[in-house]
Number of protein chains: 2
Amino acid sequence: MSGAVTIGVAAKATGVSAKMIRYYEEIGLLPPAGRTTSGYRLYGEEDLHALRFVRRSRDLGFSVEDIAGLLALWQDRSRASAQVKALALHHVADLRRRIAELEAMARTLASLADHCSGDARPDCPILDDLAAAHAPAPRRPVRARPPSR
Amino acid sequence: MSGAVTIGVAAKATGVSAKMIRYYEEIGLLPPAGRTTSGYRLYGEEDLHALRFVRRSRDLGFSVEDIAGLLALWQDRSRASAQVKALALHHVADLRRRIAELEAMARTLASLADHCSGDARPDCPILDDLAAAHAPAPRRPVRARPPSR
DNA sequence: TGTGGGGCTTCCCATCGTGGGAAGGTCAAG
DNA sequence: CTTGACCTTCCCACGATGGGAAGCCCCACA
């Protein structure tokens, strides 16, 4: 019964920033929120629930596009669970692929570091390796670091 | 003694796209290339070497910012290998942190999927979990997918 | 010598998810 | 009524990359 809340309260309650809530609405991931007469957005329990759903999905690494699909499935009470499972497993495979890539990098770099004396002398197999002529091949770029915070 | 080459040739020789070569120059990662009288950029052996260095570093997941540091160390013949090693190990730790995050996501999602019948029935623990009220906590955002290609 | 096609230049735009901040309206407590 | 916290929209930025347009330049071939 507690009426609807404004965007700041919704943000605190769901862990989705006000900025992102507006963004999700703008791109159509969420339906336009209700408004007060003066234009403030209002969120009811159901809206908060959807926001938490989105947030949790992001935490599990789903893209916004994926989440649109998940939300649709969530709201379709007659969909087969197979659909959801397929989406989830596809995402797991995606995660595992990225993990394997990062692991390959980490292994290579760790073994290079292992062969580096790490003292005051200038010789360093790490730089030597970087400087060596490696076969240029079409690159699938790898995000160096996910933008922090 | 084969003279310097144009950007397209350099791109093919190093695996760094012409677009990116210009970008690296623009942001100051690489010094401005020489030019023909008509304005074409020219790259000599040393430049190609540096480009390969950058490329290899990107392949190992270093950010452009990191690479600036690596390049500086590479060109400083008197630096201590300890400096390089520290940078490398820091990056390895970074990679391992990201791997752990992705693994946590993959594990959670895989176990949810494991409990989902994946048939024509609508009940699905995956959606149930997503929809459950999870404690909202400040999020360190996680890139859903590294941009492909 | 002329022409065509491919390479080069710069400049702008898009991506994806997020935050920062300005300029201005609104609301409630003092 | 004032103050300060909130809300609104709008624009800009990030990082690394690709796409594409408009306009030169250069070489090979007829």
Side-chain angles (χ1 to χ4, degrees), chain A residues 3-30 32-43 51 54-55 57-68 94 98 101 138-149, chain B residues 3-30 32-43 51 54-55 57-68 94 98 101 138-149:
Chain A
V5 299
T6 56
I7 201 170
V9 177
K12 267 169 209 156
T14 62
V16 182
S17 74
K19 276 279 207 223
M20 291 315 297
I21 296 177
R22 292 193 198 97
Y23 173 70
Y24 292 148
E25 176 180 329
E26 184 190 317
I27 64 174
L29 179 64
L30 299 174
R35 301 278 186 143
T36 65
T37 46
S38 58
Y40 282 23
R41 285 178 182 80
L42 286 180
Y43 298 87
L51 281 171
V54 170
R55 210 273 180 148
S57 302
R58 288 294 296 147
D59 283 350
L60 288 175
F62 285 99
S63 70
V64 167
E65 199 185 348
D66 291 335
I67 300 176
D94 217 54
R98 288 158 59 199
E101 273 173 25
R139 283 198 349 103
R140 291 192 320 91
V142 169
R143 230 2 100 261
R145 261 192 295 275
S148 61
R149 205 158 333 277
Chain B
V5 299
T6 56
I7 201 170
V9 177
K12 266 168 209 156
T14 62
V16 182
S17 74
K19 277 275 204 220
M20 290 317 297
I21 296 177
R22 293 194 198 97
Y23 172 70
Y24 292 149
E25 176 180 330
E26 185 190 315
I27 63 172
L29 179 63
L30 299 174
R35 301 278 188 144
T36 66
T37 46
S38 58
Y40 282 23
R41 284 177 181 79
L42 286 179
Y43 299 87
L51 280 171
V54 170
R55 209 268 181 158
S57 302
R58 287 293 296 144
D59 284 351
L60 288 176
F62 284 99
S63 70
V64 167
E65 199 186 346
D66 290 336
I67 300 176
D94 216 54
R98 289 159 58 198
E101 272 173 25
R139 284 196 353 100
R140 291 192 322 92
V142 168
R143 228 3 96 263
R145 263 193 295 275
S148 61
R149 201 161 335 279

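Residue numbers begin at 1 in each chain, while the letters A, B, ... track the order of the sequences. Here the structure is a predicted model, which means the values were calculated and not measured.
The side chain of B:Y24 contributes an N or O atom lying less than 4.0 Å from OP1 or OP2 of D:dT17. Contact annotation: A:T6 side-chain N/O to D:dC7 OP1/OP2 distance is under 4.0 Å. In this structure, B:S17 reaches the D:dG18 phosphate: one of its side-chain N or O atoms is under 4.0 Å from OP1 or OP2.
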Each nucleotide in nucleotides 25-30 of chain C should get exactly one letter: B, S or -. Can you fill that in based on protein heavy atoms under 4.0 Å? BBS---
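Using a 4.5 Å cut-off on side-chain heavy atoms (C-beta onward), A:Y24 and A:V16 make contact. Looking only at side-chain heavy atoms (C-beta outward), B:E25 and B:R41 come within less than 4.5 Å of each other.
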Kindly give the atom pairs (protein nitrogen or oxygen, nucleotide nitrogen or oxygen) under 3.5 Å for nucleotides 10-14 of chain C.
{"unit_1": "C:dT10", "atom_1": "OP1", "unit_2": "B:R35", "atom_2": "NH1", "d": "3.4"}
{"unit_1": "C:dT10", "atom_1": "OP1", "unit_2": "B:R35", "atom_2": "NH2", "d": "3.0"}
{"unit_1": "C:dT10", "atom_1": "OP2", "unit_2": "B:R41", "atom_2": "NH1", "d": "2.9"}
{"unit_1": "C:dT10", "atom_1": "OP2", "unit_2": "B:R41", "atom_2": "NH2", "d": "2.9"}

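If one axis is set at each end of the helix from C:dT1-D:dA30 to C:dG30-D:dC1 from five pairs, those axes are 20° apart, to 10°.
For the pair A:E65 CD and C:dC16 P, the computed distance is 7 Å after rounding to whole Å. The separation between B:L29 atom CG and D:dT17 atom P is 11 Å, rounded to whole Å. One can place CD of A:E26 at 11 Å from P of D:dC11, the figure rounded to the nearest angstrom. Here the C1' atom of nucleotide C:dT18 and the CD atom of A:E25 are 17 Å apart, to the nearest Å. Rounded to whole Å, atom C1' of D:dG15 lies 13 Å from atom CZ of B:R98. Atom OH of A:Y23 is separated from atom P of D:dT8 by 18 Å (rounded to the nearest Å). Taking atom CG of residue B:L60 and atom C1' of nucleotide D:dA16, one finds them 17 Å apart after rounding to whole Å. Whole-Å rounding puts the A:I7 CD1 to C:dG19 P distance at 12 Å.
Taking the side-chain hydrogen bond (donor to acceptor under 3.5 Å, both in side chains) definition, one finds that A:T6 meets it with nothing, sequence neighbours left out. Checked against side-chain hydrogen bond (donor to acceptor under 3.5 Å, both in side chains), B:S38 has the following partners two or more places apart in sequence or in another chain: B:T36. Partners of B:R22 by salt bridge (charged side-chain N to carboxylate O under 4.0 Å, His left out), not counting sequence neighbours: none found. Under the rule for a side chain to side chain contact (heavy atoms under 4.5 Å, CB included), the partners of B:A10 that lie at least two apart in sequence or sit in another chain are B:V5, B:I21, B:Y43, B:L48, B:L51.
Summarising the geometry of B:A18 relative to B:A11, their closest heavy-atom pair is N-CB, 3.7 Å, with the distance given to 0.1 Å. The shortest heavy-atom contact between B:R35 and B:L42 is C-CD1, 4.4 Å.
The distance from the OH atom of A:Y40 to the OG1 atom of A:T37 is 10.5 Å, given to the nearest 0.5 Å. Rounding to the nearest 0.5 Å places CG of A:D94 at 8.0 Å from CG of A:D66. Expressed to the nearest 0.5 Å, how far NZ of B:K19 lies from CD1 of B:I7 amounts to 10.0 Å.
Each of A:I27 and B:A18 was assigned the nucleotide of DNA chain C with the nearest heavy atom; the assignment lying further toward the 5' end belongs to B:A18.
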Pair B:L29, B:V54 - check side chain to side chain contact (heavy atoms under 4.5 Å, CB included), show working. CA-CA 9 Å; B:L29 179 63; B:V54 170; 4.1 Å; yes
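When each of D:dA16, C:dG19, C:dC8 is scored by its nearest atom to the side-chain atoms of A:M20, the top-ranked nucleotide is C:dG19.
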